[in-house]
Amino acid sequence: MAYKINADECLGCGACAGECPVGAISEKDGKFVIDPDTCLECGACAGVCPVGAPSAD
């Protein structure tokens, strides 16, 4: 399953977006979201998030 970012935990720092190899992460209203159709489920975003906001859906 694609990864999903918990909006309540997201700090809006963008660390995850820079790490995504396919550009599946974008900013929306000061928080980041993952496009489930583009996500490769690699977990790179979860590995760099300082608060653990991304997780497998």
Side-chain angles (χ1 to χ4, degrees):
M1 290 190 161
Y3 273 68
K4 185 175 182 179
I5 296 176
N6 182 328
D8 292 332
E9 294 177 9
C10 179
L11 300 175
C13 70
C16 57
E19 196 66 25
C20 182
V22 293
I25 303 173
S26 60
E27 185 179 2
K28 183 176 181 180
D29 298 326
K31 303 288 181 167
F32 285 81
V33 294
I34 299 174
D35 177 359
D37 294 328
T38 307
C39 179
L40 295 177
E41 304 170 26
C42 68
C45 56
V48 297
C49 180
V51 295
S55 62
D57 189 25

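Quick caveat: nothing in here was measured; it's all calculated off a predicted structure. Both backbone and side-chain heavy atoms feed into the values below; hydrogens, waters and symmetry mates do not.
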* Asked: Under the side chain to side chain contact (heavy atoms under 4.5 Å, CB included) criterion, do Asp35 and Ser26 qualify, and how do the steps go?
  -> CA-CA 8 Å; Asp35 177 359; Ser26 60; over 6 Å; no

* Kindly indicate, with the supporting measurements, whether the criterion side chain to side chain contact (heavy atoms under 4.5 Å, CB included) is fulfilled by Asn6 and Ser55. => CA-CA 8 Å; Asn6 182 328; Ser55 62; over 6 Å; no

* Worked check of side chain to side chain contact (heavy atoms under 4.5 Å, CB included) between Val22 and Cys39 -> CA-CA 7 Å; Val22 293; Cys39 179; over 6 Å; no

Rounded distance [0.5 Å steps], [atom1] in [X] versus [atom2] in [Y]:
{"X": "Cys10", "Y": "Glu27", "atom1": "SG", "atom2": "CD", "value": "8.5 Å"}
{"X": "Cys45", "Y": "Phe32", "atom1": "SG", "atom2": "CZ", "value": "12.0 Å"}
{"X": "Lys28", "Y": "Ile5", "atom1": "NZ", "atom2": "CD1", "value": "12.5 Å"}

Do you know the tightest heavy-atom contact between [X] and [Y]?
{"X": "Ala15", "Y": "Val48", "result": "O-CG2, 3.6 Å"}
{"X": "Glu9", "Y": "Val51", "result": "O-CG2, 3.2 Å"}
{"X": "Cys16", "Y": "Ile25", "result": "O-CD1, 3.5 Å"}

* Lys4, NZ atom: more than 12 neighbouring heavy atoms under 6.0 Å ->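 No, not enclosed.
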
